[in-house]
Protein chains: 2
Amino acid sequence: MLSLDTIDRKILTVLQQDGTLSQRDVAERVGMSQNACWRRLQRLRDAGVILGSQTRIDPAKAGLDLTVFVMIRTRHHSADWAEAFRKHVDGLPGVVDCYRIGGEWDYLIKVVTRGMGGYDAFYQRLITGFDFHAVTGIFSMETILESHPLDLTRPA
Amino acid sequence: MLSLDTIDRKILTVLQQDGTLSQRDVAERVGMSQNACWRRLQRLRDAGVILGSQTRIDPAKAGLDLTVFVMIRTRHHSADWAEAFRKHVDGLPGVVDCYRIGGEWDYLIKVVTRGMGGYDAFYQRLITGFDFHAVTGIFSMETILESHPLDLTRPA
DNA sequence: GTTGAAACACCCTCAAT
DNA sequence: ATTGAGGGTGTTTCAAC
């Protein structure tokens with residue numbers, strides 16, 4: 001793994017907060033020349049530390065007013081089933097995140113959708129072709145924090 | 001609320017997938033002139049639909065190998081306590097998301113950290129000064145999808 | 001909505017230190 | 001590591017349609 005020094009971590013922290021910053025601004029904030037900063041960014045991109053950039057949308061302002069955390073318990077524990085499930089989830093509109101988890105449940109899916117009707121539409125698509133052991137939804141009442149930058153304060 | 005037409009939603013979808021695209025590229029992909037596309041972006045930014053841009057980091061490549069979903073049940077249900085808790089969470093390193101949720105638990109926090117030691121450090125900081133009724137952690141075994149673009153296929 | 005143009009900022013590379 | 005300079009590209013604002 002590429003080891004990140006203090007300046008690398010500063011650069012990554014700054015760019016996680018605002019991905020629109022110019023290289024000049026980034027360089028200035030981390031106390032470097034624009035040239036040196038550019039070389040570091042190249043290295044971080046080549047190493048795959050920087051995955052890319054994403055424009056962030058306010059879900060509510062786009063009419064997406066409902067966030068649900070769906071947990072799933074499966075009956076099947078084969079690699080084939082897991083692969084089929086993964087492809088299934090990847091094709092479902094509204095899915096933002098999906099994790100395989102430990103404990104009582106097997107999968108956790110974050111869904112952002114348009115009201116309860118949108119969630120039901122998601123649910124119907126989710127269960128078509130799959131016979132889950134259990135499905136439950138935890139509804140978000142309020143988003144307190146979202147997409148906070150990763151904490152890079154300690155060395156990697 | 002600003003109503004988004006088909007082209008707005010195309011623009012937002014494209015920029016959620018790749019925030020580094022130039023306005024020329026975006027304009028081309030949505031079938032517009034660069035000038036008209038620029039005006040739409042201005043409007044979307046002014047309306048707050050576009051919140052900004054974020055450079056995405058590979059957590060594993062930055063040494064952050066553990067994702068935990070922490071659920072909390074509180075003893076207190078006053079507005080003052082909620083505000084104090086919110087501020088507390090906002091200052092905790094490693095927190096990526098935090099939601100107030102319905103059901104058996106009150107809060108859901110997504111934490112990305114450095115191994116079990118990092119998680120324990122988070123836990124210790126989480127509970128200092130707060131006397132929660134219950135805290136539980138759901139550990140991610142595998143990230144299947146993360147930060148997928150919001151689904152804007154239906155009108156807002 | 002469109003095109004074209006001009007002024008400016010930014011990105012990337014190079015040379016020199 | 002740094003500065004400085006140059007060419008190409010992107011952004012922003014015009015005017016005209």
Side-chain angles (χ1 to χ4, degrees), chain A residues 1-58 61-63 147 149-156, chain B residues 1-58 61-63 147 149-156:
Chain A
M1 189 197 298
L2 187 70
S3 86
L4 308 174
D5 67 8
T6 310
I7 296 180
D8 286 331
R9 283 183 269 119
K10 268 191 196 172
I11 291 174
L12 293 171
T13 300
V14 163
L15 284 176
Q16 279 187 101
Q17 287 159 6
D18 186 355
T20 67
L21 287 174
S22 73
Q23 289 184 8
R24 277 187 177 80
D25 290 338
V26 176
E28 194 183 345
R29 295 192 192 202
V30 303
M32 281 200 128
S33 69
Q34 182 255 344
N35 205 321
C37 192
W38 178 83
R39 284 194 295 266
R40 279 173 183 269
L41 282 170
Q42 277 302 91
R43 222 183 71 246
L44 291 168
R45 269 191 284 263
D46 291 347
V49 180
I50 291 178
L51 295 172
S53 174
Q54 205 173 25
T55 297
R56 271 168 40 75
I57 306 296
D58 184 332
K61 292 241 168 94
S147 302
L150 301 177
D151 172 32
L152 303 172
T153 50
R154 286 177 187 230
Chain B
M1 188 198 297
L2 187 70
S3 85
L4 308 174
D5 66 9
T6 310
I7 295 179
D8 286 330
R9 282 182 269 121
K10 268 191 196 171
I11 291 174
L12 293 171
T13 300
V14 163
L15 284 176
Q16 279 187 101
Q17 288 160 7
D18 184 355
T20 67
L21 287 173
S22 72
Q23 290 184 9
R24 278 188 175 80
D25 290 338
V26 175
E28 194 184 344
R29 294 193 192 200
V30 304
M32 280 197 128
S33 70
Q34 182 257 344
N35 203 320
C37 192
W38 179 83
R39 284 193 294 266
R40 278 174 183 268
L41 282 170
Q42 271 310 83
R43 222 184 69 246
L44 291 168
R45 268 192 284 262
D46 291 346
V49 179
I50 292 177
L51 295 172
S53 174
Q54 206 173 26
T55 296
R56 271 165 44 71
I57 306 297
D58 184 331
K61 293 239 167 93
S147 301
L150 302 177
D151 172 31
L152 303 173
T153 50
R154 288 177 185 230

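Below, chain A is the first sequence line, B the second, and so on; all start at residue 1. Since this is a predicted model, take the numbers as computed values, not measurements. No hydrogens, no waters, no symmetry mates; every other heavy atom, side chains included, goes into these values.
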Undergrad: Please determine whether the number of non-hydrogen atoms from other residues, nucleotides or ligands lying under 6.0 Å from atom CZ of B/R43 exceeds 12.
TA: yes
Undergrad: Under 4.5 Å between any side-chain heavy atoms of B/Q16 and B/L152, yes or no?
TA: yes
Undergrad: What one-letter contact string describes nucleotides 4-17 of chain C from 5' to 3', where B marks a base within less than 4.0 Å of any protein heavy atom, S marks contact via sugar-phosphate atoms alone, and - marks no contact?
TA: B-----BSBBB---
Undergrad: Ignoring hydrogens and geometry beyond distance, is a side-chain donor-acceptor pair present between B/N35 and B/S33 at under 3.5 Å?
TA: no
Undergrad: Please identify the 5'-most and 3'-most nucleotides of DNA chain D with any atom under 4.0 angstrom from a heavy atom of chain A.
TA: D/dA1 to D/dG4
Undergrad: Quick check on A/Q17: does its CD atom have over 12 non-hydrogen neighbours (other residues, nucleotides or ligands) under 6.0 Å away?
TA: yes
Undergrad: Indicate whether any N or O donor in one side chain lies under 3.5 Å from an N or O acceptor in the other, for B/S53 and A/T20.
TA: no
Undergrad: More than 12 foreign heavy atoms under 6.0 Å from CZ of B/R29: is that the case here?
TA: no
Undergrad: Taking atom CD of B/Q42 as the centre, does the number of heavy atoms from other residues, nucleotides or ligands within less than 6.0 Å exceed 12?
TA: yes
